[in-house]
Amino acid sequence: MVQEKTPAKLSAKNIWGKVTIYLREHNNMILHIICGDIMDVEDENGVFVINTNNYTFNILQEKRNYDELQKALEFFGYKKFEIRIKQKALTKEENLAILNKFFDNQVNVIE
């Protein structure tokens, strides 16, 4: 008797790669390019989460783009998704520059 293997569930990143290809195949080139630059995606209990910056968030929230993204994600089994703004963490150098602005370039970091 031959047992069938159940397919392994794909990671959110793999699904996202398939979504971007889906967008290209369905002639949504601008959305394909924008989504191709997004790398921070995850699955939160069956909700597909897209983490992005303010600019991209606004583009993806436009009705036409949102609807097309919804179609693509539904094609791969996600009925629910969220687009979230994720702030970029500052580097040590950026934090130091901010502190020096307020303390007349007197801040020294001792490690």
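All heavy atoms count here, side chains included; hydrogens, waters and symmetry mates do not.
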Exercise for the section: Taking all non-hydrogen atoms of both residues into account, name the closest pair between H32 and T20 and its distance. Expected result: ND1-O, 2.7 Å
Completion exercise
Residues Q61 and Y66: closest non-hydrogen pair is OE1-CD1, 4.0 Å
Fill in the blank from the handout: Taking every heavy atom of T56 against every heavy atom of N53, the minimum-distance pair comes out as N-OD1, 2.7 Å
Practice task
Output all residues satisfying side chain to side chain contact (heavy atoms under 4.5 Å, CB included) with I30, sequence neighbours left out; order by chain, then residue number.
Solution key: I34
Problem - Point-to-point distance, once rounded to the nearest 0.5 Å, from CZ of F75 to CD of E25 - result: 8.5 Å
Completion exercise
When every non-hydrogen atom of K9 is compared with those of Y78, the smallest separation belongs to CE-OH, 4.3 Å
Problem - From CD (Q70) to NZ (K63), nearest 0.5 Å - result: 8.5 Å
Exercise for the section: Could you pull out all residues at least two apart from N28 that satisfy side chain to side chain donor-acceptor pair (under 3.5 Å)? Expected result: E68
Handout entry: Heavy-atom pair of closest approach, residues T52 and F57
Key = CG2-N, 3.7 Å
Problem - Test salt bridge (Lys or Arg N to Asp or Glu O under 4.0 Å) applied to K71 and D67, step by step - result: CA-CA 6 Å; K71 283 184 210 173; D67 291 346; over 6 Å; no
Practice task
Would you indicate whether the side-chain heavy atoms of V41 and V49 approach each other to under 4.5 Å?
Solution key: no
Handout entry: Any donor-acceptor pair under 3.5 Å from W16 side chain to D40 backbone
Key = no
Practice task
Please examine the side chains of L23 and C35, heavy atoms only from C-beta on, and report whether any two atoms are closer than 4.5 Å.
Solution key: yes
Practice task
Tell me whether L10 is reachable from Y22 by hopping between hydrophobic residues (I, L, V, M, F, W, Y) whose side-chain heavy atoms are closer than 4.5 Å.
Solution key: yes
Practice task
Could you check N58 against E62 for side-chain contact (heavy atoms from CB on, under 4.5 Å), going step by step and ending with a plain yes or no?
Solution key: CA-CA 7 Å; N58 291 331; E62 291 176 12; 6.0 Å; no
Handout entry: pair I50-E82: side-chain heavy atoms closer than 4.5 Å
Key = no
Problem - V19 with M39, same ILVMFWY side-chain cluster at under 4.5 Å - result: no
Completion exercise
For L69 and F81 the tightest heavy-atom approach is CD2-CE1, 4.0 Å
Practice task
Find the distance between CD1 (I85) and CG (N54) and round it off to the nearest 0.5 Å.
Solution key: 4.0 Å
Practice task
Group every Ile, Leu, Val, Met, Phe, Trp and Tyr by side-chain heavy-atom contacts under 4.5 Å, then state whether L31 and Y55 land in the same group.
Solution key: yes
Handout entry: Enclosure of F76 CZ (heavy-atom neighbours >12, cutoff 6.0 Å)
Key = yes
Handout entry: Side-chain donor or acceptor of D43 paired with backbone N/O of N45 under 3.5 Å
Key = yes
Handout entry: Expected output: side-chain N51 to main-chain R84 donor-acceptor under 3.5 Å
Key = no
